[in-house]
**Student:** 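Could you have a look at this structure, given as structure tokens, before my questions?
Here, residue 1 is the first one in the sequence, and each next residue gets the next number.
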Amino acid sequence: MSEPIRFFYRGEVHSVSDGAPTRTLLQHLREDLHCTGTKEGCAEGDCGACTVVVAELQGGELSLKSVNSCIQFLPTLDGKAVFSVEDLKQADGAMHPVQQALVECHGSQCGFCTPGFAMSLWSLYLKQEGVSQAPCRKTIDETLSGNLCRCTGYRPIIEAARRMGELPPVSFDRAALKTALQAIQRDRMFSYTHQGQTFYAPRTLAELAELRAAKPTATIVAGSTDVGLWVTKQMRNLGDMIYVRMVAELHQMDQRDGMLQIGAAVSLNDAYAAVCAHYKDELTEMWQRFASQPIRNTGTLGGSVANGSPIGDSAPWMIALGAEIVLRNDQGQRSMPLQDFYLDYMKKNWQPGEFVEAVRIPLPRADVQFRTYKLAKRYDQDISAVCAAYSIRLRDGVVHDAKVAYGGMAATSRRAALAEAAMNGQPWNEATLKAAMAALAQDYTPLSDMRASANYRMKTAQNLLRRFWLETRPDDARPIQSINAFSYADNCVNSYTEGGALA
């Protein structure tokens, strides 16, 4: 039996029972509620004009995160709270400090993108509550990584991010919101049906496995950061949908047998935070450059792996580390090396009724050298032209167990077998490097597209392998940051900031 979608908005519980399961939050806000402050720019989670903040209970605690409303399906908001730019106005009609700071710092020209910037800044404002020190430039940049401005320029917006904390503070009643959300939580599977299409939100792993077996063709939805575009860009009919983010077991993370296991419903931000606790130098930049803050807040590592895009940024480094994927259906569980999961372009090694339960990532080992690099036209929120990842064991200067993986070079993220063969059993010197670089030309036949030419992809793939050698060679290995252009840029930003100016 269909149940209405319930979420907290504008100070009350809001119910929806007459919209398609694929109707987006942005459409509902603008077209049904006539709250038109939230804008539609790209309809794919890239520009940030549609940014709102969503609150939910996670493990009984309140979590507030910026998200892209243009690709969030309405049923995924059941039991949560939504805050749009209309919520920032104070009870006496005054502007919120975020808005006042944007005004004082001249942070808006045409104004189209401004509500999205205001909501991203509000999410930062909430994080800064009780913190006396203004956010650093890096934190501000990460907060605004999903917001694009075409006419104002970022300098006044960044100034507003600092200024908002200097204005008279406005508190946020977290306790009241937590109580409101507790009142609309469900203790069983939620289902919502409209015009023959049903959205299911199971709450346990057993329920999910049983439902998937009964509906093997249903579309699995996690963060909808990719599936959302199937609707907004490709106008696809998704049929019945199974939402996995409410399954408690899929949010678990733990360490066992030298592996970090991450449940398929863990957000990209939380997953990368857990992995970067072990691979800080090697993966922190990739974490920051993977999509944007709102996308990482909603997308999942399990969903990224299941999607299997040949230009995805997670698969190469996971393959290079020897990660495993854990699959489940109603008959049980099986696991395999992630590299064996991808058979061909968008073709995976599934069995009927299977879904991704978790991924297992090896923890650091003393004799293993690991790096990953991303090449794209923009630093933030851009699809890679080439994503490279390397892992080798060095014993007495000799290479063993080499794993060389690339994204953007083939129909799937996959290893370079010939380059690995040229490295294994050889001294890690320049002659071995050159042999491996030459072998890459036999491992891949990259395509030319809008992001890069085939020649550029091959040349940079070879040069990235050289960079890996420079950082890991037995004699005179270069520190990771010493040949990182972005590290130099960060130092410039910090020096300007310390001097009281903006980079």
**Student:** Evaluate the criterion salt bridge (charged side-chain N to carboxylate O under 4.0 Å, His left out) for residue pair D330 and R212; output intermediate values, then yes/no.
**Tutor:** CA-CA 8 Å; D330 64 333; R212 183 62 170 163; over 6 Å; no
**Student:** When you check the gap from the basic side-chain N to the acidic O, do D78 and R186 get nearer than 4.0 Å?
**Tutor:**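 Salt bridge present between D78 and R186.
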**Student:** Does the side chain of L208 reach to within under 4.5 Å of the side chain of L250, using non-hydrogen atoms?
**Tutor:**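 Yes, close enough: below the 4.5 Å cut-off.
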**Student:** In this structure, is the centre-to-centre distance between the rings of W122 and F172 below 6.0 Å?
**Tutor:**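 That pair passes the under 6.0 Å test.
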**Student:** Search all heavy atoms of S224 against all heavy atoms of I71 and return the closest pair with its distance.
**Tutor:**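 Closest pair (atom of S224, atom of I71, distance): OG-O, 2.6 Å.
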**Student:** Is the shortest side-chain heavy-atom distance between M119 and S66 below 4.5 Å?
**Tutor:**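 Sidechains of S66 and M119: no contact.
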**Student:** Within the 4.5 Å heavy-atom criterion, are H251 and R245 side-chain neighbours or not?
**Tutor:**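 Result yes, sub-4.5 Å side-chain heavy-atom pair found.
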**Student:** Classify the side-chain pair W287/N269 by whether it contains a donor and acceptor separated by less than 3.5 Å.
**Tutor:**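 Yes.
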**Student:** Which heavy atom of A422 sits nearest to which heavy atom of T432, and what is that distance?
**Tutor:**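 Result for this residue pair: O-CG2, 3.6 Å.
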**Student:** If the threshold is 4.0 Å, N to carboxylate O, is there a salt bridge linking R451 and D449?
**Tutor:**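 Yes.
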**Student:** Do R467 and E471 meet the salt-bridge criterion of a basic N to acidic O distance under 4.0 Å?
**Tutor:**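 A salt bridge links E471 with R467.
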**Student:** Can you find a pair of side-chain heavy atoms, one from L229 and one from Q234, that are under 4.5 Å apart?
**Tutor:**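 The answer is no, as the side chains (C-beta and beyond) never meet within the 4.5 Å cut-off.
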**Student:** Does any part of the side chain of F190, heavy atoms only, come nearer than 4.5 Å to the side chain of I5, both counted from C-beta?
**Tutor:**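 A side-chain contact under 4.5 Å exists here.
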**Student:** What are the two closest heavy atoms between M318 and L338, and how far apart are they?
**Tutor:**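 In this case the closest contact between M318 and L338 is CB-CD2, 3.7 Å.
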**Student:** Assess R473 against W428: is NZ or CZ under 6.0 Å from the centre of the six-membered ring, and within 45 degrees of the ring's axis?
**Tutor:**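 That pair does not qualify as a cation-pi contact.
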**Student:** Locate the shortest heavy-atom distance separating F7 from L77; write the atom from each residue and the value.
**Tutor:**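 It is CB-O, 3.4 Å.
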**Student:** Does the distance from a Lys or Arg side-chain N to an Asp or Glu carboxylate O, for D380 and R289, drop under 4.0 Å?
**Tutor:**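 Result for this pair is no, no salt bridge flagged.
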**Student:** Determine the minimum heavy-atom distance between P479 and S482, stating which atoms define it.
**Tutor:**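 Residues P479 and S482, closest heavy atoms: O-OG, 2.7 Å.
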**Student:** Checking D443 side chain against A417 main chain: does a donor-acceptor pair fall under 3.5 Å?
**Tutor:**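 The answer is yes, because a donor-acceptor pair under 3.5 Å joins these two groups.
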**Student:** Can you classify the ring geometry of Y406 versus Y390 as parallel (below 30°), tilted (30 to 60°) or perpendicular (above 60°)?
**Tutor:**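 Y406 and Y390: perpendicular rings.
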**Student:** Is the W350-F341 ring centre distance short of 6.0 angstrom?
**Tutor:**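 Under 6.0 Å, so yes.
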**Student:** If you round to the nearest 0.5 Å, how far is CD1 of I392 from CD of E420?
**Tutor:**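 Answer rounded to 0.5 Å: 11.5 Å.
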**Student:** Counting distance only, does the side-chain N/O of S145 pair as donor-acceptor with the main-chain N or O of E142 below 3.5 Å?
**Tutor:**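 Here the side-chain-to-backbone pair exists.
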**Student:** Under a 4.0 Å N-O cut-off, is there an ion pair linking D401 with K403?
**Tutor:**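 Yes.
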**Student:** Got a donor-acceptor contact below 3.5 angstrom from the E354 side chain to the Q333 backbone?
**Tutor:**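 Checking the backbone N and O of Q333 against the side chain of E354, no donor-acceptor pair under 3.5 Å is found.
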**Student:** Salt-bridge test for R365 and D367: reply yes if a basic N is under 4.0 Å from a carboxylate O, no otherwise.
**Tutor:**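 The answer is no: the pair does not qualify as a salt bridge.
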**Student:** Please check if atom NZ in K347 has more than 12 non-hydrogen atoms from other residues, nucleotides or ligands closer than 6.0 Å.
**Tutor:**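 Open.
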**Student:** In Å and rounded to the nearest 0.5 Å, what is the OG to CG distance from S191 to D240?
**Tutor:**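 Atom-to-atom, S191:OG and D240:CG are 10.5 Å apart.
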**Student:** Between the side chains of H400 and Q426, is a donor N or O closer than 3.5 angstrom to an acceptor N or O?
**Tutor:**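 Their side chains do not contain a donor-acceptor pair, so the 3.5 Å distance test is not met.
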**Student:** Atom OG in S391, atom CG in L321: separation rounded to 0.5 Å?
**Tutor:**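 Going from OG on S391 over to CG on L321, the span is 6.0 Å.
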**Student:** Run the salt-bridge test on R466 and E430 with the 4.0 Å N-O cut-off and return the result as yes or no.
**Tutor:**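 Yes, R466 and E430 are salt-bridged.
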**Student:** So Y243 and F73, do their side chains get closer than 4.5 Å, heavy atoms only?
**Tutor:**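 When only atoms from C-beta onward are counted, Y243 and F73 do not touch, as no gap falls below 4.5 Å.
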**Student:** Taking C-beta and beyond as the side chain, do Y342 and R414 meet within less than 4.5 Å on heavy atoms?
**Tutor:**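 With C-beta onward as the side chain, the pair stays apart.
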**Student:** Quick one: does any side-chain atom of T300 pair with a main-chain N or O of A222 as donor and acceptor, under 3.5 Å?
**Tutor:**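 No; judged by distance alone, with no hydrogens or angles, the pair does not exist.
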**Student:** Return yes if a side-chain donor-acceptor contact under 3.5 Å exists between Y279 and Y272, otherwise no.
**Tutor:**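 Per modelled atom types, Y279 and Y272 side chains form no pair under 3.5 Å.
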**Student:** So, do L205 and R328 sit near enough that their side-chain heavy atoms are less than 4.5 Å apart?
**Tutor:**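 When only atoms from C-beta onward are counted, R328 and L205 do touch, with a gap below 4.5 Å.
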**Student:** Which pair of non-hydrogen atoms, one from M246 and one from A201, has the smallest distance, and what is that distance?
**Tutor:**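 Closest pair (atom of M246, atom of A201, distance): CG-CB, 4.3 Å.
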**Student:** Counting only N and O atoms by type, is there a donor-acceptor contact under 3.5 Å from the side chain of N424 to the main-chain atoms of A402?
**Tutor:**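 Side chain of N424 to backbone of A402: a pair is present.
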